[in-house]
Amino acid sequence: MKQDNKTISGFSSMRKRDKIKWLVENFFKDPESVMHELKSYWHKNDEQQKILDGFSENTISNFPMPFGVAPNFVIDGKTYCVPMVIEESSVVAAASAAAKFWMKRGGFKTEIIGTEKLGQVHFLWHGDPSILFTHFDDAKKVMLADVEGIVANMRKRGGGIQKFELIDLTQKKENYYQLRVSFETCDSMGANFINSCLEQFSHSLKSFYFNHSQEKQGLEIIMSILSNYNPNCLVRAKVSCKIEELGDFPNGMGAELFAKEFKDAVEIAEIDPYRATTHNKGIFNGIDAVVIATGNDFRAIEACGHTFANKSGSYSSLSHCRIEGGNFEFWLDIPLAVGTVGGLTNLHPIAKRSLEMLENPSAKELMSIIAATGLAQNFAALRSLITTGIQKGHMKMHLLNILNHLKATESQIKSATDHFQDKVISFNSVRDFLKTTTLN
Ligand code: MEV
C-alpha cells in the first residue's frame with residue numbers, strides 16, 4: 001500500500017523550498033507546475049520577501065489581492081484618494097461613485113466620539129469577597145506601579161491607563177471577577193501595549209493578595225487579554241443635503257421618492273436582523289478594504305462592529321437616516337480601533353504607501369477616513385438597491401472577468417460590453433458570443 005505522506009513533523013523548521021516540495025508532491029496532481037506557479041508569486045526582491053515571510057508561519061508564497069484606489073473623497077474639508085484592498089468586483093467603483101456624488105454636496109463630515117480601548121483580567125476569587133474589595137485600592141496602587149516601565153513611554157505620547165475597575169460577575173459565574181481597564185493608545189492600535197500591561201497586572205494582582213491577605217490561595221487568574229469590543233473607540237461619519245439637491249436617479253426616480261425609499265431601506269435594516277446583516281456587510285465592504293490596505297486588523301474591526309450592531313440586544317443597522325425640515329441626513333456610528341504606527345502599518349511595504357497616500361494620518365484621522373468609506377459604500381449599495389438593483393453593476397464587472405478569463409481582445413471587450421447591455425450574462429453566453437464575433 002502506498003504510504004500516506006500527508007502528515008509531517010518538523011515542518012516549521014524546514015527550508016521554504018523543502019516545504020513547497022513536500023506540499024506539491026503530496027497534495028497536487030501536477031507538482032512541477034504548481035511549484036513554478038507558487039514561486040512566480042515570490043517577491044523579486046529577496047529582502048522584501050523576507051519581510052513578508054516574517055509576518056506569518058510556514059509561508060510558501062504570497063497571495064495577491066487587488067490594490068485599488070477610490071479618489072474624490074472629501075472628508076472634513078480635505079480631499080483623499082482612499083486605498084482599498086478587496087477582491088469583490090464593483091466595491092471600489094461604488095465607493096468612488098458615492099465619493100464623487102457627495103463631493104458635490106459638501107463631502108463627508110466626521111466626529112471622533114471617543115478613543116478608549118479596553119482590556120480585561122479574568123479571575124476567580126475563592127475567598128471572602130469583602131477581603132478582595134477591602135484590599136483592592138492598595139492592590140491597584142501596586143499594579144499601577146508595577147506597569148510604570150511599560151506605561152512611561154505611552155504617557156509621553158499622551159496616552160496611558162485611564163479607568164481601572166473591579167467588577168463582580170459572580171451572579172453570572174461562581175467566584176468570577178474581572179479587572180476591566182481602559183487605555184488610551186494614541187496613534188497605535190495598542191494590542192501589544194495593552195496585553196503587556198494586563199499580563200503584568202495579573203502577576204501583580206496574584207502576588208499582592210498572596211502577600212497581603214490571609215486568603216493566600218484565594219485568587220486564581222484565568223486569563224488576561226484586551227477586549228476587541230471597544231464601543232467607546234467610536235467615530236461618526238455623516239452626509240447631508242437638501243432633498244432637492246439629491247438630484248434625479250436612474251429609472252427616473254425623483255429626489256423626494258429616493259429620499260423616502262432610502263430611509264425606508266435603512267429602517268428595514270434597523271428592525272430586521274436578516275437585512276441588517278447584509279446591510280452591514282456592505283458597510284464592511286468599504287471598511288475592511290481600507291483597514292487591510294493600511295495594515296490594520298480587519299478581524300478585530302469586524303468582531304467589534306458586529307457586537308456594536310447588537311448593542312440593543314437585537315442585531316441592527318450600523319447606519320441611520322433622517323429626513324427633517326427638507327433635509328436628508330445619513331450617518332454611520334462605528335467603533336474603529338485602528339493604528340497608524342506600529343504593527344504591520346510600518347512593516348508592510350504597501351500598507352506604508354497607503355498611509356503615505358493618505359498623507360500619514362493620525363489614528364483619529366484614519367478612523368474618519370475608514371468610517372466615511374463605509375458610509376459611502378452603504379450609500380452606493382442602497383442607491384443601487386432601491387433604483388436599478390445591484391446586478392446591473394455587478395454583471396458589468398462579472399462580464400469583464402469572464403472576458404479576461406477567455407483572453408478577449410480590446411475590440412472584443414468593447415463589442416461584448418455593447419452586446420450584453422440588455423442581455424443575460426453567463427460564462428457560456430459570453431463564450432458563444434466571442435466565438436461568433438471571431439468567426440465574423
Ligand atoms: C454586496 O457585497 C453588498 C450588498 O449586498 C450590501 C447591501 O445589500 O446593502 C449590496
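Keep in mind the model is a prediction, meaning the values are calculated, not measured. Order of appearance sets the numbers: ligands from 1, and atoms from 1 within every ligand.
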- prompt: Do any N/O atoms on R275 end up under 3.5 angstrom from N/O atoms on ligand 1?
  reply: yes
task: Would you name the heavy atoms of N45 and E47 that are closest together and state the gap between them?
output: OD1-N, 2.8 Å
- request: Check ligand 1 against L385 and write out every atom of the ligand that is under 4.0 Å from a heavy-atom position of the residue.
  value: 7 (C), 8 (O), 9 (O)
query: Starting from atom 6 (C) of ligand 1, which protein heavy atom do you reach first, and at what distance in Å?
result: T278 O, 3.5 Å
task: Return yes if some donor-acceptor pair links the side-chain N/O of T59 with the main-chain N/O of S56 below 3.5 Å, else return no.
output: no
- line: Given the options T277, N285, T278, K281 meets side-chain hydrogen bond (donor to acceptor under 3.5 Å, both in side chains) only with N285
F63 ring center near Y41 ring center (under 6.0 Å): no
statement: Here the atoms of ligand 1 under 4.0 Å from any heavy atom belonging to E88 are 1 (C), 2 (O)
- prompt: Is there a side-chain contact between V92 and V69 (heavy atoms, below 4.5 Å)?
  reply: no
message: Give the atom numbers and elements of ligand 1 that come within less than 4.0 Å of a heavy atom of K281.
response: 1 (C), 2 (O)
- line: Counting heavy atoms under 4.0 Å, the part of N285 that contacts ligand 1 is side chain
